[in-house]
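All values below come from the heavy atoms of this structure, side chains included, with hydrogens, waters and symmetry mates left out. So that the names make sense, note that chain A is the first sequence line, chain B the second, and so on, each numbered from 1. Since this is a predicted model, take the numbers as computed values, not measurements.
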2 protein chains.
Amino acid sequence: MPRGPYQKSDVTREKILSAATELFAQRGYAGTGVDRLAEKSGIAKTAIYYHFGNKEGLLAAVLDRAATVWIENIKQSAERASSAEEALDRALAGMRTMVEEKSWILKLLLLLTLEVADEKPEIRKSMRQLYARARSSIVAGIRDAVGADVPDADMVGNVMLGQLQAVVVGLELVPDLSLDEVFSNLREIVLYMVASRLDPSLQETALLQPVAPVLPEA
Amino acid sequence: MPRGPYQKSDVTREKILSAATELFAQRGYAGTGVDRLAEKSGIAKTAIYYHFGNKEGLLAAVLDRAATVWIENIKQSAERASSAEEALDRALAGMRTMVEEKSWILKLLLLLTLEVADEKPEIRKSMRQLYARARSSIVAGIRDAVGADVPDADMVGNVMLGQLQAVVVGLELVPDLSLDEVFSNLREIVLYMVASRLDPSLQETALLQPVAPVLPEA
DNA sequence: GTCTATACGGCGATAGAC
DNA sequence: GTCTATCGCCGTATAGAC
C-alpha cells in the first residue's frame with residue numbers, strides 16, 4: 001500500500017468538500033454515510049474526522065461555502081438595480097431561485113442549526129456568522145437602495161430570512177406551494193416595513209379597532 | 001421469565017408516549033435512546049417499533065399531542081378578547097409563551113419536518129395536518145376578531161407561523177434574542193396585512209420609488 | 001502535522017422464535 | 001406483545017507511515 005508523499009492538506013480538504021457537496025445534494029445528509037464519502041473522495045474515513053471533526057462539521061463547511069456563494073450572487077444582482085423596488089425584486093428573485101434550485105442548502109442549513117446549535121459552539125458560531133452575513137447584506141442593500149439609513153433595518157432582514165426559511169419548510173409539507181403568492185406577499189411586507197420606518201406615520205393601521213366585533217366576555 | 005397477560009394496546013401506547021414526552025423534553029430527541037425509552041416506560045424496545053414504526057413515528061405522535069394542546073389554548077385565549085387588537089395580542093402572547101416555555105416542541109416539530117418529510121408520507125401528512133390546524137385557527141381567529149372574512153387570510157397565518165419558527169431558529173443562534181422586538185415587529189406586520197387586505201388602498205407604499213438612489217448600471 | 005488501516009462501542013432498526 | 005440475535009452506520013481509539 002504505497003503511501004506516497006502526502007498531498008497538501010488543502011487539496012485533501014477540497015477533495016472531501018467537493019465529494020460531500022455532491023453526495024449531500026444527491027442523496028441527502030442522512031442518506032450519505034461517512035464511509036461512502038471516504039470512498040468517493042478517495043480519502044480515508046478517519047482523515048475526514050481529522051479535518052472536520054465529525055460529519056456535522058463537514059456539513060457546516062459545505063454549507064458555509066455554498067451559502068456564501070449565493071449571498072454574494074444575490075448581493076451583486078441587487079446592486080445592479082436602478083431603483084429601490086427593482087433592487088428588492090432582484091433580491092427576492094435571487095432568494096426564489098435558490099429555493100427552487102438549491103433548496104437542499106437552505107434545508108440542511110436549518111437542520112444543522114436545529115440539531116447541533118446546542119452543544120457544538122463551533123458550529124453554532126459558524127451558522128451565526130453566516131446568518132449575520134446574509135442579514136447585513138440585506139441591510140446594506142436597503143441602505144444603498146433607499147439612499148439613507150433605515151431605522152431597525154435589521155428587522156427587515158430578519159423577516160426576509162425568516163420567511164425564506166418558512167418557505168423551505170412549507171415546501172416540505174406542501175410541495176406545490178405557490179411561490180408566486182409567497183414572494184409577492186413578502187415583497188409587500190418588506191415595502192411596508194421600509195416605508196413605515198422611513199415615515200412612522202404609516203404605522204397608523206389601527207383601523208382595526210372600530211371594526212372589532214363583539215365577542216363573548218370571559 | 002413470566003410474560004403475563006399482555007396489557008391493552010392503548011395503555012401501552014400511553015405509557016410509551018408519556019415516557020417519551022418527558023425524556024424528549026429533558027434530554028432532547030437525539031439524546032434519548034430507544035433503549036432508555038423502553039426502560040423508562042417498562043415496555044420492550046421492539047414493542048415501541050411495533051406501535052410507532054420507528055423513533056420518528058413516536059416523535060410525531062408526541063409532538064402532535066403536545067402541539068394540539070397549545071393550539072387549543074391559544075385559540076381559546078384569543079376568543080376571550082374584546083377587541084381585534086386584543087385578540088391579536090393574546091395570540092401573540094400565547095405564541096411567545098410557547099417559545100419561552102416549550103420551545104423544544106417547536107424545535108422538534110421543525111426538525112422532524114425537515115428530516116423526514118421526504119420518504120415518510122405518514123409523518124409528512126401528520127405534520128401538514130398539524131400546520132393546517134394551526135393556520136386555520138389563526139384564520140378563524142382573524143375572521144372572528146374582525147367580524148368579516150379577510151381576503152387571503154391564509155397568508156397572514158403563514159407569516160405568523162413562519163416568524164414563529166424563525167424565532168425558534170433565531171434563539172438557537174442568538175440565545176439572548178429580544179423577543180420583545182421580534183413580537184412587536186410581528187404585531188405590526190399582522191396589523192398591516194389585515195388592514196391592507198380590508199382596504200387595499202393601504203398598499204400604496206410605493207413612496208420608495210422617489211427616494212431611490214442612483215446605482216451604477218450593469 | 002498529515003494521513004492510512006483496523007478494530008471496536010453505541011444506537012437505530014429489523015427478523016424470527018415464542 | 002416479548003425475547004434474542006443481527007445488521008448498518010456514526011464515531012472513536014489506536015498504532016503507525018511519511
Flag if over 12 foreign heavy atoms under 6.0 Å of CD, B:E119: no

Length of the CG-P vector between B:L59 and C:dG12, whole Å: 13 Å

Between C:dA13 (P) and B:N54 (CG): distance, integer Å: 5 Å

Selection from D:dT2, D:dC10, D:dA13 that lies nearest to any side-chain heavy atom of A:K55: D:dC10

Presence of A:T12 side-chain N/O under 4.0 Å of C:dC3 phosphate oxygens OP1/OP2: yes

Sugar-phosphate, base or nothing in reach of B:G53, heavy atoms under 4.0 Å: sugar-phosphate

For atom CG of B:D35 and atom P of D:dC3, their distance in whole Å: 12 Å

Six-ring centre of B:Y49, B:K55 cation under 6.0 angstrom, axis tolerance 45°: no

Rounded distance in Å - OH (A:Y50) to P (D:dG16): 19 Å

A:I48 CD1 - C:dT4 C1' separation (whole Å): 12 Å

Between P of C:dG1 and NE2 of A:H51, the distance in whole Å: 13 Å

Rounded distance [0.5 Å steps], NZ in B:K15 versus NE2 in B:H51: 10.5 Å

Separation of C:dG12 P from B:K45 NZ (nearest whole Å): 7 Å

Closest listed nucleotide, where the reference is the side chain of A:Y49 and the choices are D:dC10, D:dT2, C:dG12: D:dC10

Cationic N near anionic O, under 4.0 Å, A:D180 to A:R96: yes

A:L37 CG - D:dC9 P separation (whole Å): 12 Å

Side-chain H-bond candidate by donor/acceptor type, A:S82 with A:E86, under 3.5 Å: yes

Pairwise 5' ranking along DNA chain D for A:G31 and B:G42, keeping only the more 5' one: B:G42

A:S9 side-chain N/O to C:dG1 phosphate OP1/OP2 under 4.0 Å: no

